[in-house]
There are 2 protein chains.
Amino acid sequence: MKPAPEAPRPPAPRLMPRPSLGDEVYELLLAEVIANRMAPGDRLSVDGLARQFGVSQTPIRAALIRLEAEGLVVKKHNSGYSVADQLSATRFRDTYDFRLLVEPATAAAAARHATPAQIEALRTATLRMGKLSSDTKANYSRFAVADAEFHGQIAEAAGNEIVRESLHRLYTHMHLFRLRYHATVAVDAVNEHDAIVAAIAARDARGAETAMRAHIEASRRRMEPCFNET
Amino acid sequence: MKPAPEAPRPPAPRLMPRPSLGDEVYELLLAEVIANRMAPGDRLSVDGLARQFGVSQTPIRAALIRLEAEGLVVKKHNSGYSVADQLSATRFRDTYDFRLLVEPATAAAAARHATPAQIEALRTATLRMGKLSSDTKANYSRFAVADAEFHGQIAEAAGNEIVRESLHRLYTHMHLFRLRYHATVAVDAVNEHDAIVAAIAARDARGAETAMRAHIEASRRRMEPCFNET
DNA sequence: ACATCAAATATCGTATCGGATATTGGGTGT
DNA sequence: ACACCCAATATCCGATACGATATTTGATGT
């Protein structure tokens, strides 16, 4: 199989198990979607992708079924796949309501359960995001990725895998929305992150909860205008 | 395609779009899993199922990829699929922590937003569950299905689709656990449901939240011993 | 210019096939 | 009895082919 945009892969060593083409196609397509190189509604033709990647339909289909299960593409029977729509206003509202339900309590749990290594990793993450606080689009993309990781780290420190999985899915969709419509790095967000980490590091569960709630509410206010501008 | 255990399907009318074999296999396999006719670790052979259902490998694969995405089966590269393990103690804990985070607030939202028709549907649901409060295994299976629907109805009345989807996935996994290990209909659960519906119908958000929290905590206490008995 | 229709073309969904890999069963040695 | 090895068999994965269905294109009529 030949990768679509990247350099040719070196041959896999014989002793390593060879990943399936279906998995490789999935990762490549996911990277395309995540990198925002496809717009909502773009057709994803099984035959076209098979030609593009130089493989048969089988791994293409396997990858697309997985992406559909994750809500990143939609399938129309007998007609094919397309990139899923952006977040609707309703979905945006649901997302933030859900986050406000789950993430403050998660931050509180992280304050109670985080290991010193996890706290150190959170500090590193906020430092790194602070360095990305300039207004280029590429930096914003990196900021959005780092932001999702940051929230995932908190969920992991809280120790509830179901919460982490739920947020992971939400963040993928939010990431796409941001890349398309919201390219302003929020210096305020970095400060809000710092406050969350400080509370977690201080083992202040109530403080972490309050800081996370404030952050999410501010994040919502920052993004809400995008639903009027589009 | 011939169905595995059921009667032959009548021919689809010409004017109706014909569902894909992949979708049909998915529904049949899901029904098998949901009906607990497969045990954790059971192998699901692509070739074997293709022979059993009288179709090619292709729709079998499509269905299994979807079931894997839902966590109901697991795939081992080059080796095949098997039924996923039951809930672990950790996963059980995470599930209940998540439910306690999400469902009381959802019940409160339902008390604020439910339509009269939705309230009526909730009443009907609790009545139906009350009639299933006998200790046969078949009734427990129906009870478990009705219980999941009941909670889904509350999430729907609350009006947050992300919450509804998250709970739907959780309930599928819990349903399987119950069928395998916990077959005692909880008369108490029915009373707890009644209390939740009464609070929602009375537009008492705080009461609904309290009743839901109490119900989930009681449900956890009822199911926890199963992790010692196995 | 727009609507309708039919043919051509592209694509989807499935079946079939074959090579790669895993599993199973039998034989041998300790 | 257990461990190891190897051959036979089963299964997985991907490629290919083909019929069913959707989409596109061009012609025709108003």
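Note that the structure is a prediction, hence the values are computed from the model and not measured. Chain naming here is simple, since letters A, B, ... match the order of the sequence lines and numbering starts at 1 in each.
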How far apart are the C-alpha atoms of A:His215 and A:His151, what are their side-chain angles, what is the distance that settles it, and do they pass the side-chain hydrogen bond (donor to acceptor under 3.5 Å, both in side chains) test? CA-CA 11 Å; A:His215 167 56; A:His151 285 268; 3.3 Å; yes

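What separates OH of B:Tyr26 from P of C:dT14 is a distance of 16 Å, to the nearest Å. Following rounding to the nearest Å, A:Tyr81 (OH) and D:dA22 (P) show an atom-to-atom distance of 16 Å. One can place CG of B:Asp47 at 14 Å from P of C:dT23, the figure rounded to the nearest angstrom. The distance between atom CG of A:Asn78 and atom P of C:dT11, rounded to the nearest whole Å, is 15 Å. Taking atom NE2 of residue B:His77 and atom P of nucleotide C:dT23, one finds them 12 Å apart after rounding to whole Å. The nearest whole Å value for the distance from the CG atom in B:Leu21 to the P atom in C:dG13 is 11 Å. Regarding A:Leu49, its CG atom lies at a distance of 14 Å from the P atom of D:dA15, rounded to whole Å.
Between A:Glu68 and A:Lys75 no salt bridge is recorded (no basic side-chain N to carboxylate O distance below 4.0 Å). Residues A:Glu165 and B:Arg91 are paired through a salt bridge, judged by an N-O separation under 4.0 Å between the basic side chain and the carboxylate.
Side-chain atoms of A:Ser79 lie closest to D:dA22 of the nucleotides D:dA22, D:dC13, D:dC12.
Along DNA chain D, the nucleotide nearest to A:Ser56 and the one nearest to A:Lys76 differ in position, and the one closer to the 5' end is contacted by A:Ser56.
At the heavy-atom level, A:Gly22 lies under 4.0 Å from the strands shown only through sugar-phosphate atoms.
Phosphate contact (OP1/OP2 of D:dA10, side-chain N/O of B:Ser45, threshold under 4.0 Å): absent. Not one side-chain nitrogen or oxygen of B:Arg43 sits closer than 4.0 Å to the OP1 or OP2 atom of C:dT24.
For B:Glu156, the CD atom is loosely surrounded, since the number of other residues' heavy atoms within 6.0 Å does not exceed 12.
Formation of a donor-acceptor pair under 3.5 Å by the B:Asp94 side chain with backbone atoms of A:Asn160 is not found in this model.
Shown here are the side-chain hydrogen bond (donor to acceptor under 3.5 Å, both in side chains) partners of A:Tyr26, two or more places apart in sequence or in another chain: A:Glu70.
Across residues 57-73 of chain A, A:Gln57, A:Thr58, A:Pro59 each have a non-hydrogen atom less than 4.0 Å from an atom of DNA chain D (numbered order).
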Identify every side-chain donor-acceptor pair in residues 40-48 of chain A under 3.5 Å, counting partners at least two apart or on other chains, and give the distances.
unit_1	atom_1	unit_2	atom_2	d
A:Asp42	OD2	A:Ala39	N	2.9
A:Arg43	NH2	A:Ser79	O	2.5
A:Ser45	OG	A:Asp47	N	3.4
A:Ser45	OG	A:Gly48	N	2.8
A:Asp47	OD1	A:Gln57	NE2	2.7

